Each structure stands twice: as structure tokens, then as C-alpha cells.
Amino acid sequence: MEYFIHLAILIGIYIPLALSLNLVVGYTGLLSVTHAAFYGVGAYAVAILTTVYNFHFLSALLIGIILAGILAGLLGLILSRFKDDYYALVSFGFNIIIYSIFLNWESLTRGPLGIPGIGRPTFFGFEFSSNLSFLVLTIVGAGIVYLISLGITKSSFGRVLKGIREDEKALSIFGYNTQQFKLTIFVITAGMAGLAGGLFATYITFIDPSTFGLNESIFILAIIILGGMASLKGSVVGAIFLILLPEILRFVGFPTDIAAQMRQVVYGLLLVLLMLYRPQGLVGEYKL
Amino acid sequence: MTKKIIWAVVVVIVVILVAWGITRNTDNVSGEKIKVGAVLPLSGATAYFGEEMKKGMEMCNPGNLEYVFEDSVGTPQQGISAYNKLTRIDKADVTVVGMSTVVPAILPIAKENKDFVITTIVTAADVGKNGGDTVFRYYIDGAVIGEIIANSMLKKDVKKVGVLYVQNEYGETYKNGAVDFLNSKSILVYPESFLATDTDFSTAILKLKQQGVDSVLVVAYDKQTLQIVSKIKDSNLGVDIYNAWMWSDADLAKNTKILEGVIMPRSEYLFGSSDKTMKFDQEFKAKFGVQSNQYGSIGCDLSKLIGENNINTAEKLSNLKKFSGVNGEITQAENGEFYFPVKMIQYIGGKTAVL
């Protein structure tokens with residue numbers, strides 16, 4: 001049971017991450033590969049504030065979310081000067097910068113040694129020490145992010161985001177300040193990623209820079225492409241699919257000598273096949 | 001309608017696969033075999049370590065071990081997934097967990113559930129202590145070896161030491177062990193880090209030259225070690241060179257021309273340098289067609305440790321004070337960690353001499 005609860009918790013952590021990126025990439029059409037950095041900022045903020053400065057989990061999480069948002073605001077100002085491929089490249093560069101900070105600011109982050117012994121969250125004296133209780137917490141976290149995302153997509157703000165994706169120039173002609181819309185959604189979603197990071201840090205209880213590199217950004221991107229761009233359900237389905245698929249493959253009886261490699265090959269192959277036959281993703285409506 | 005049918009078929013297949021996998025993996029172990037789960041990096045960037053260790057474990061299985069290997073990909077998330085599967089579904093008697101990025105994430109789970117775990121490929125301090133009474137380690141504590149190397153430097157009356165170290169857990173722990181010890185002896189230390197992917201070390205070496213160091217400690221992987229040592233010699237620094245370890249590549253370790261004069265620690269096993277280790281090497285080469293290395297030898301020792309001593313509980317292992325492995329007489333320290341004996345050697349005249 002512990003095994004399945006663990007997988008459910010991972011899904012619960014990746015859902016807000018995928019939802020947040022989908023709002024930027026799927027709904028607004030901005031190809032950002034920097035969400036792992038915001039995810040890391042949230043994780044490191046919670047880890048450092050709770051282990052070194054004895055902050056309460058909630059206040060640490062809130063600071064992590066705000067910090068990720070502020071960083072996104074600063075980055076967004078720079079990113080607003082770029083489009084398309086250049087936008088992706090700059091966001092990629094930002095991910096590398098943040099990763100390097102995690103790795104090199106040793107007095108704060110302990111560098112490559114990582115931060116072990118991060119405590120589980122406590123609310124009003126109740127400690128989420130069991131995995132089952134932590135699962136409830138992640139479901140609540142994922143649910144809140146889902147509802148916020150739903151609110152955004154159903155609002156006029158969300159429709160403007162879709163408009164930016166379809167034809168930014170046309171919107172500008174109608175008097176919309178598209179830069180401001182793009183910056184706002186970038187900041188909001190960075191905060192969501194920060195929330196996921198805080199949950200991740202307190203669940204795994206150990207973080208190191210390798211978790212928040214470019215590979216992680218690509219993984220989150222893969223979740224939304226596979227699940228479906230511009231689809232909240234797609235983000236959920238993508239997270240479930242990409243977390244469970246490699247685990248299911250653990251139970252397929254590959255010969256032990258090549259099991260790990262076969263698992264990776266089959267995993268990759270399934271993704272390629274899926275993209276060939278469902279380029280809009282499992283439940284998506286929009287292609288990159 | 002067709003879409004719904006496709007989804008239904010996919011779901012049914014998934015459920016059948018999982019159910020079949022679970023029942024297959026929870027079969028009772030036949031006879032008196034000890035079920036050993038192993039969470040190792042078997043794919044991804046660090047797969048090399050896990051693959052070599054797995055080979056050593058399989059080769060030295062005395063016959064009473066049933067191994068179930070799971071891939072951690074070297075990440076904590078996948079590592080916990082693999083660990084939970086092995087301990088909760090496969091119900092392994094003992095679980096071997098390797099890699100510094102995975103072990104710290106496993107320790108709290110093992111401690112809470114009192115799982116019997118042996119950790120390896122992790123150099124961080126106090127692994128046994130942090131995991132509770134049922135967690136052990138068979139590997140080198142980086143800080144301990146760093147101190148051993150630094151201690152050997154003192155014999156040469158060093159005044160200023162440069163440390164060139166790879167920026168990961170391995171490099172950091174060795175560096176910290178050496179630096180703390182040297183600083184306590186009032187010796188000036190100048191650390192310079194680099195990434196595991198770096199190939200040019202000229203700037204770092206030039207900086208050390210400007211500091212006027214009289215010794216340099218290199219903490220890197222084998223290929224980088226040879227590049228750095230070669231570059232230091234070309235730069236005419238005129239310093240004593242210390243190296244952390246030659247772990248993985250026999251051909252590189254035998255490159256005595258570049259390594260001439262270099263001082264470093266080594267275990268009993270160093271690519272088949274004694275009768276016992278030569279036997280292990282020959283068997284390894286015959287079975288896998290390649291030369292073994294330090295990781296293969298540690299994997300072999302783990303099989304010997306568990307299999308030859310019939311270790312299926314943490315209590316049995318804590319009562320075992322020493323055992324004989326490819327890496328010599330391995331003893332258990334007070335903190336529950338097993339260490340193999342380490343000697344300082346120097347490459348002189350194309351051979352290694354014990355200091």
C-alpha cells in the first residue's frame with residue numbers, strides 16, 4: 001500500500017507543476033523551460049527556512065511561493081523582450097542560472113551535498129508524518145491549484161491568454177497590454193510551481209540541485225505535451241500517465257540484465273508512438 | 001464510442017499487467033534463500049556505478065541469495081518508488097541502497113519502518129546513525145579518507161595545500177575531510193572546484209601556482225584525475241601530488257607514466273593486485289568479458305557479507321564484527337558502518353609502493 005500511496009503523492013506533486021506550466025505554454029503559447037527552477041526555489045526556501053531558521057511550514061511555504069513569484073516577475077521582464085525560440089532559449093538560460101546557484105551557494109544550499117532531514121509539515125499541532133496524511137495534503141494542494149487554474153481559464157483573463165497564443169498582435173491592436181498579461185500569468189504559475197516544490201521537499205525530506213535541472217523542466221513539459229496542451233484535464237492525465245508508466249514497467253518481466261535499459265527504451269518508445277498518433281496529447285486541443 | 005473502447009482496453013491491460021507483476025513479485029522465496037532487494041542506478045547518467053556493482057553482486061552470490069534489482073535512475077523520487085516496491089511488495093529481507101542522491105531520501109523511511117538496509121556508494125557522514133539501528137553502510141566515508149590523506153601530507157611537512165575537487169557529493173566530502181583536518185593543523189588550504197563534465201583545468205591550476213602551494217590534492221574521477229595530474233606536471237608547479245582514489249578504470253590506474261610520484265589511498269582490491277583479488281578479477285573477466293573495478297569488488301563483498309554469513313536480519317548484521325572480502329578484512333565500526341582497510345601508496349618506478 002505504501003508503494004501506491006507514494007506514487008499517488010508524486011502524482012499529487014506533479015499535477016500543480018503541470019497545471020502551472022500548461023497555463024504558460026498551453027494557454028498562453030509561451031515555450032518556457034524554466035519551471036523546474038521555480039519548483040526548486042519553492043523546495044529550497046521551505047527546506048532552508050524550516051531546517052535552519054525553524055520557520056513553520058506554512059510561513060516557509062508562503063515565502064517560497066512569493067520568492068518564486070518575485071523571481072518570475074524579474075525574469076518575465078526580461079523574457080517579455082523575446083519571442084518563440086529566443087524565449088525558450090532565455091528561459092533555458094534562467095534554469096541553468098538557478099541550478100548553478102543551488103550548486104554553488106554552498107553556505108546557504110549546502111551545494112552538491114543537498115539538504116537532508118527536512119521535516120514533514122505540521123498544521124495546528126498535527127504532523128503529516130504518515131504517507132496517507134501527506135497524500136491528503138498533496139490532494140488539497142493539487143485541488144487548490146486546479147481550482148485556481150480553472151478560474152483563470154474560465155475568466156476573461158484566461159481568454160486574453162488564449163488570444164495571445166493565437167494572435168498577440170491583433171490583441172495589441174485592440175488595446176490589450178499583452179506584456180502585462182504574460183507577466184502576470186508567469187508570476188502566478190511560478191508561485192504554483194513553488195508550492196509544488198515546498199510539498200516535494202517536505203515529502204522526500206532531502207533535496208539536492210540535481211532534482212531541479214533542465215531534465216526536470218523537460219519532464220514537466222513532456223507531461224503537458226503528452227497529457228494535452230491547453231487542457232487542465234490533460235495536465236492531470238499527463239502527470240498520472242508519466243509517473244505511473246515507468247512504475248508499471250517495473251512489473252513487466254524483462255530479463256534482469258537488461259531490465260533497466262529496456263524500461264527506458266519502452267518508456268521512450270511509448271512516448272514516441274503516442275506523439276505520432278496523438279500529437280495533441282491524450283486529452284488536448286492544441287498542438288505546439 | 002471507439003475512443004471509449006480503446007481507453008477501456010488500455011485500462012484493462014494495465015490492471016492485468018500490474019496484478020500479474022505484483023503476484024509474480026510476491027511469490028515466496030524457495031527454500032532458505034535470503035531475498036535481497038537492490039536499489040541501484042541502472043540507467044541514466046550514473047548507471048555505470050550501479051551496473052558494475054550489480055555484476056559483482058551477482059557473480060559472488062554464494063547461492064543462498066535471491067536478488068531483485070530495481071533501477072533508481074539516480075534520483076530520489078525513483079529511488080523511493082523502487083525502495084517501496086522492494087520492501088512492501090517484493091518483501092525483501094534486506095535492501096541494498098546505493099547512490100548519494102538516493103540514500104538520504106531513503107534513510108527516514110527505513111528509520112520509521114525499521115527496515116533492514118545496507119547503503120553503499122554514498123560518502124556522506126553518519127549514514128548509519130541517521131538511519132537508525134537497522135541501517136548500515138558498506139562504503140568509504142569521504143571525510144574519514146580525506147583525513148587519512150591529509151594526515152599523510154603532514155608527514156611531508158606541507159605548508160600550503162591546493163585542493164582540486166569535483167563539485168559533487170564525492171568531491172565535497174573528501175575535500176571537507178581534508179580541509180577540516182589541515183585547517184586544524186594551521187595549514188593554509190586553497191580549494192578549487194570544477195564540474196564532473198569539465199575537461200580544462202588550466203585556470204584552477206594557474207591559480208594554485210600563484211598561491212605558491214607545495215602540495216595538491218586531486219579529488220576527481222579517473223579520467224579527470226589523469227588530465228589534472230598531467231596538466232600539473234606540465235605546469236612545472238613542483239608540488240607533491242595526492243589523489244583521492246582510482247575507482248573505476250583499470251587501464252587508467254595502470255597508467256603509471258602519468259601517475260609516477262602520485263600518492264593516494266587504496267584498498268586491498270586494486271584491479272587484481274593480490275592473489276585473492278586476481279582470482280576475483282579473472283572470474284569477473286571470464287563471466288562478463290571486461291575488467292572489474294572498485295565498484296564490482298564492493299558488490300562482490302556485499303554478496304559475501306550477506307550470503308556467506310546468512311544475514312537476513314539487522315540484528316545478525318550488527319553482531320557481525322568483521323568479515324573477509326575482496327577488499328580485505330572488513331570490520332564494523334561503532335556507528336554500524338563497515339569499512340575496508342585503506343593504505344596510502346605511491347607510484348614509484350612504474351609500481352605502487354606502500355607508504
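Letters A, B, ... are given to chains in the order of the sequence lines, protein chains preceding strands, and every chain is numbered from 1. As the structure is a computational prediction, the values presented were derived from the model and not from experiment.
- Counting heavy atoms of neighbouring residues, nucleotides and ligands inside a 6.0 Å radius, atom CZ of Phe126(A) exceeds 12 of them.
- Under the 6.0 Å cut-off for aromatic ring centres, Tyr295(B) and Phe49(B) qualify, their centroids lying closer than that.
- For the set Ala47(B), Pro108(B), Pro76(B), Ser81(B), the entry with the most heavy-atom pairs within less than 4.5 Å of chain A is Ser81(B).
- For Gln78(B), the parts sitting under 4.5 Å from any heavy atom of chain A are the backbone and the side chain alike.
- Counting non-hydrogen atoms of neighbouring residues, nucleotides and ligands closer than 6.0 angstrom, the CZ atom of Phe92(A) reaches no more than 12 such neighbours.
- For the residue pair Ser20(A) and Tyr39(A), no side-chain donor N or O sits within less than 3.5 Å of a side-chain acceptor on the partner.
- The heavy-atom pair separating Gly194(A) from Ala68(A) by the smallest distance is CA-CB, 4.3 Å.
- Put simply, of Ala124(B), Ser100(B), Ala82(B), the one with the most heavy-atom pairs under 4.5 Å next to chain A is Ala82(B).
- For chain B, no part of Ile207(A) is nearby; none of its heavy atoms comes within less than 4.5 Å.
- Between Tyr221(B) and Tyr170(B), the two ring planes are tilted [angle within 30° to 60°].
- Ring geometry for Phe102(A) versus Tyr44(A): interplanar angle under 30°, hence parallel rather than tilted (30 to 60°).
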Next item on the list: Take Arg88(B) and Asp115(B) through the test salt bridge (charged side-chain N to carboxylate O under 4.0 Å, His left out) and record every step on the way to the result.
Entry: CA-CA 10 Å; Arg88(B) 312 292 169 238; Asp115(B) 296 332; 2.9 Å; yes

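- Neither the backbone nor the side chain of Asn113(B) comes within less than 4.5 Å of any heavy atom of chain A.
- Pro209(A) does not touch chain B: none of its heavy atoms, backbone or side chain, sits under 4.5 Å away.
- Heavy atoms closer than 4.5 Å to chain A are found nowhere in Ser193(B), neither backbone nor side chain.
- Note: Phe128(A) and Phe123(A) have perpendicular aromatic rings, judged against thresholds of 30 and 60 degrees for the angle between ring planes.
- Chain B forms more heavy-atom pairs under 4.5 Å with one residue of Thr205(A), Leu7(A), Leu103(A), Leu10(A) than with any other, namely Leu103(A).
- When heavy atoms are compared at a cutoff of 4.5 Å, Asn104(A) approaches chain B by way of both its backbone and its side chain.
- Heavy-atom distances place the side chain of Leu195(B), and not its backbone, under 4.5 Å from chain A.
- Residue Ile204(A) touches chain B through both its backbone and its side chain, counting heavy-atom pairs closer than 4.5 Å.
- Heavy-atom distances place the side chain of Glu247(A), and not its backbone, under 4.5 Å from chain B.
- Residue Ala105(B) touches chain A through both its backbone and its side chain, counting heavy-atom pairs closer than 4.5 Å.
- Ring pair Phe134(A)/Tyr203(A) is tilted by interplanar angle, where 30° to 60° counts as tilted.
- Taking chain A as the reference chain and counting heavy-atom pairs below 4.5 Å, the highest number among Gln167(B), Lys54(B), Glu112(B) is found for Gln167(B).
- Using a 4.5 Å cut-off between heavy atoms, Thr75(B) makes no contact with chain A at all.
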